[in-house]
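Letters A, B, ... are given to chains in the order of the sequence lines, protein chains preceding strands, and every chain is numbered from 1.
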Amino acid sequence: MEQYNKEQKEAINFKGKHLLLLAGAGTGKTKTIVGRAAHLIESGVLAEKIQILTFTKRSASEIVERVKAVIPEKNAQALNGSTFHSWCNQLITNFPNLFGAANFTLIDADDQLSLMKMACGNKNTGYGKVRIKPQKILDLFSFARNTRINLTAAIRMQLFKGKVDSETDEEIEEVRPVLELLIREYQKLKIEQKYLDYDDLLLVVGNRLNKDEEARKILSKAYEHILVDEMQDTNPLQWFLLAPFENIAKLFCVGDDAQSIYSFRGADFKNVHSFKERVVNSEIKKLDKNYRSTQEILDLSNWLLEKSPIIYNKKLSSHRGAGKKPVILNATNQFEEANYIAEKILKDFRDGGKRFSDFLILSRSQYYTKPLQAVFLQKKIPYETYGGRKFLEAAHIKDVVAIFRVINNPLDQIAWMRYLTFVHGIGEVRASNYLHKILSIDPEDITGDFLSSIIPGPEGEKIKSYYDAVSSNKHNVKQAVSKLYEEMEFDLALKYPKDWIEKRKGDFPVLEMLAAHYSTLGEFITEGILDNSTGLGGTHMLEGSKIKTTEKRDHVIISTVHSAKGLEADVCFVLNVSPKTYPSSYSLGSNEEIEEERRVLYVALTRAKNELIITRTTDSLNAYHSDTDRVDENMDINSAYFLEELPENLVVQETPQGGYRKPRDTEKPNNIDLDFGFDFS
DNA sequence: AGTCGCAATATTTTT
DNA sequence: TATTGCGACT
């Protein structure tokens, strides 16, 4: 049975309408949400009328599992926990007549980019006039929709650093019409091919609920309580979605302004401060006893926050008392850093009685963990990465899924192109010719035979065999995967000669396993895109959703800070806390950006329970960075470095001893004239 | 003309 | 690691 303190109990038993619970790091935030859900169910609320909204599927399922562990499982069976996006997707599917988008195909970031490239490539959109990359246009458009601002304002924010002057206004007016055309084209392509992107999920539901009384009535019967985790990272679009529920359900929101790290997605932690004005009939409560970390770790975290110009009014004090001082490891390069970490883990594992799962390694970026992963592989330390490429985003998986997609939605041109060009001998040009023919007939008449009739030779036969493998097993998704894989295996191996056996082949049994949990092709495709799990490093598992782990192998977790929300570990390494990384040199535009970087570091530091080891390198891959992106040339990067004025008594400094050192050349190129020993005289 | 294979290159953060 | 560009091959 879980034990709760007084503040936690008050929140759990809250009797008013809406509540915002401000809960600092390690104060039992998740535990309290679990307690709240369990309390509601025990006091008679039907589990299916409670919706838990979280940031990742992982935390959603963790909460649901924990609730089930606390109360009799049958009462909690129908409890639903999901991300905002996945929830909207469920609503769209479950209420097809309400939202009118039930049979659309959800597209991922790659597909969005392909589509935007198509939009830019299409004639008379005037793309040539703006030298803005398609990805940048997508980011801008998404930012605008997530913050609910207009195009002009979004251009000002994203392309002109928010500057307000007549010169900027003129420049904005120059690009705005072109961007408008391109975005309209992008939207048109989406509708034509029945696609929804991530933002559409929220908008389709939000728009309908906000303007349709009838829709609100229907949903008011479905939900009584909405529990929102990580409230500080919700953006205006998510608020827009929640607003209609203010009158039809009770909101229980939990967050911490000091942990807001998603402003690039439109989140604004100040929303947390204005909660009471915004939501009528609401109250605010606080949790501030930290149960996670020792005081030394909190002292450092508190210090970091106090150095901020923003007042967070937060000083965590440890319920557990004193422990070890945080360590700063000064390594010269990334390999030394990686080796130090590997050796420490192995030593603690052998002599200290620790398990691998007692370690958590946090990085500002995915990219930076590559050398570490190499060292772990070499030293045979089992690990998993959080925050990498999604399983279903891997190229070889997308190849296979493309056939599912066209059968599920024959208008899906991106999938058709991938499908057709997968076959050896068919390139982009021939594929788009075939596609033209395919789209010109009634979707009902598309069959394997039709495909082989328009595509001559063995290529056509191959295309047909793939098509038939899936279409003849439409109602047995698992069977469809295994039949299709049988047909494709040879060509897949051919396409990925370098890493087929070692890396890719093993993904297909996993895909099959995953498929077994879905009864329709559409569900299979969509859920896969919504599920943010990685397939790197061995134990494949799609957490959160349907697939349970095959076997829970003890492993170290390597995560980006952004994906580490809610995680904690006995020993925590924070990688490369060097200038140009904390804050990131990409974020030197404004004070707001720098302060967000500070919060990123704060989130990282507060994950540690007993040991916090901060590493930094004097010479890392990130240490040299082109100055071209820098906005303010005069800004001295070191002046912004968060650990610059770190009081000595808060940490212990260390350097790796007798450790591995990668053979090194001189630090910088010397402009040596190459000498081939040839006399040209 | 269309497709393939090699080499170079550049990587914040996520649903 | 995935994408892009270029030269070569059918």
Side-chain angles (χ1 to χ4, degrees), chain A residues 53-60 82-89 106-110 112-114 117 133-135 139 142-143 145-146 196-202 230 233-235 237-238 241 260-267 362-370 373-374 386-390 393-396 398 420-421 423-433 459 494-499 503-504 526-534 536 544 559-565 576 580-589 593 596-597 599-601 603-604 621-622 625-626 629:
Chain A
L53 292 174
T54 61
F55 226 64
T56 61
K57 284 225 164 179
R58 193 191 310 130
S59 56
S82 43
T83 60
F84 278 85
H85 290 84
S86 156
W87 182 46
C88 287
N89 181 56
L106 179 65
I107 56 173
D108 65 15
D110 286 345
Q112 287 185 53
L113 185 58
S114 311
K117 279 180 183 164
K133 288 196 183 123
Q135 183 62 61
D139 291 346
S142 179
F143 184 79
R145 296 212 283 175
N146 278 285
L196 292 180
D197 63 25
Y198 285 120
D199 299 335
D200 291 330
L201 290 176
L202 272 66
E230 309 290 3
D233 283 321
T234 52
N235 61 35
L237 177 54
Q238 290 163 323
L241 178 68
S260 170
I261 53 175
Y262 278 86
S263 75
F264 65 91
R265 228 175 72 177
L362 296 168
S363 168
R364 181 68 184 76
S365 68
Q366 262 302 300
Y367 178 57
Y368 191 86
T369 66
K370 285 281 152 65
Q373 292 186 41
Y386 284 3
R389 186 160 274 271
K390 289 172 209 158
E393 273 180 12
H396 54 294
K398 289 194 93 174
L420 297 172
T421 56
V423 174
H424 203 87
I426 300 180
E428 237 166 86
V429 179
R430 274 175 73 191
S432 50
N433 283 334
E459 289 95 332
L494 218 59
K495 183 173 172 183
Y496 303 102
K498 272 166 251 162
D499 49 9
K503 287 202 180 144
R504 302 185 192 259
T526 303
E527 286 289 317
I529 291 171
L530 282 170
D531 199 327
N532 174 40
S533 355
T534 66
L536 292 168
S559 173
T560 59
V561 182
H562 282 82
S563 298
K565 293 220 246 180
N576 196 34
K580 300 195 183 189
T581 308
Y582 290 96
S584 157
S585 54
Y586 291 98
S587 307
L588 289 178
E593 283 179 310
E596 170 137 328
E597 293 287 309
R599 293 190 294 268
V600 172
L601 182 55
V603 169
L621 287 180
N622 285 6
H625 198 276
S626 86
D629 309 338

Seminar exercise, completed: The nucleotide from B:dT3, B:dT11, B:dT15 with an atom nearest the side chain of A:Arg430 is B:dT3

Problem set entry | Rounded distance (nearest 0.5 Å) linking atom CZ of A:Phe55 with atom CD of A:Glu230 | 7.5 Å

For this session: Check the surroundings of atom CD in A:Gln135: do more than 12 heavy atoms from other residues, nucleotides or ligands lie under 6.0 Å from it?
Result: yes

For this session: With the side chain counted from C-beta on, respond yes when A:Tyr262 and A:Thr234 share a heavy-atom pair under 4.5 Å apart, and no when they do not.
Result: no

Exercise. What nucleic acid atoms does A:Arg504 come within less than 4.0 Å of, heavy atoms only: base, sugar-phosphate, or nothing?
Worked result: sugar-phosphate

Exercise. With a non-hydrogen cut-off below 4.0 angstrom, is A:Phe55 in contact with a base, only sugar-phosphate, or nothing?
Worked result: sugar-phosphate

Seminar exercise, completed: Sequence neighbours excluded, the answer for side chain to side chain donor-acceptor pair (under 3.5 Å) partners of A:Thr421 is none

Exercise. Ring-on-base stacking between A:Phe264 and B:dT13, under 5.5 Å between centres and under 30° between planes: is it there?
Worked result: yes

Exercise. What distance do A:Asn433 atom CG and A:Leu420 atom CG have between them, rounded to the nearest 0.5 Å?
Worked result: 10.5 Å

Problem set entry | Euclidean distance, A:Asn146 CG relative to A:Leu202 CG, rounded to 0.5 Å | 7.5 Å

Exercise. How long is the line joining OH of A:Tyr496 and C1' of C:dA2, in whole Å?
Worked result: 10 Å

For this session: Establish, with yes or no, whether the OP1 or OP2 oxygen of B:dT14 is under 4.0 angstrom from a side-chain nitrogen or oxygen of A:Ser563.
Result: yes

Problem set entry | Spacing of A:Tyr386 atom OH relative to B:dT12 atom P, expressed in whole Å | 24 Å

Problem set entry | Which residue lies more 5' along DNA chain B, comparing A:Ala431 with A:Thr560 via nearest heavy atoms | A:Ala431

Seminar exercise, completed: In whole angstroms, the gap separating P of B:dA10 from NZ of A:Lys133 amounts to 10 Å

Exercise. What is the distance from OH of A:Tyr368 to C1' of B:dT11, rounded to the nearest Å?
Worked result: 15 Å

For this session: Ignoring backbone atoms, test whether A:Lys117 places a side-chain nitrogen or oxygen under 4.0 Å from the OP1 or OP2 oxygen of C:dT4.
Result: yes

Problem set entry | Integer-rounded Å distance: B:dT15 P and A:Asp110 CG | 14 Å

Problem set entry | A:Val429 side-chain proximity, nearest of C:dA2, B:dT14, B:dG2 | B:dG2

Seminar exercise, completed: A:Gln238 CD to B:dT14 C1', in whole Å, measures 11 Å

For this session: Using whole Å, report how far NZ of A:Lys495 lies from C1' of C:dA2.
Result: 11 Å

Seminar exercise, completed: Closest to the 5' end of DNA chain B, once A:Asn433 and A:Val600 are matched to their nearest nucleotides, is A:Asn433

Exercise. Between B:dT15, B:dT12, B:dT14, which nucleotide gets closest to the side-chain atoms of A:Arg364?
Worked result: B:dT12

Exercise. Which nucleotide, B:dT15, B:dT13, C:dA2, lies nearest any side-chain atom of A:His85?
Worked result: B:dT15

For this session: Round to the nearest Å and state the distance from A:Lys370 atom NZ to B:dT11 atom P.
Result: 14 Å

Exercise. Which part of the nucleic acid, if any, lies within contact of A:Glu596, taking any heavy atom under 4.0 Å across all strands shown: a base, the sugar-phosphate backbone alone, or nothing?
Worked result: nothing

For this session: Can you check whether any acceptor in the base of B:dT15 is under 3.5 Å from a donor in the side chain of A:Tyr198, or vice versa?
Result: no

Seminar exercise, completed: A:Gln366 has its side chain closest, among C:dT4, B:dT13, C:dA2, to B:dT13

Problem set entry | A:Thr56 side-chain proximity, nearest of B:dT15, B:dT13, B:dT14 | B:dT15

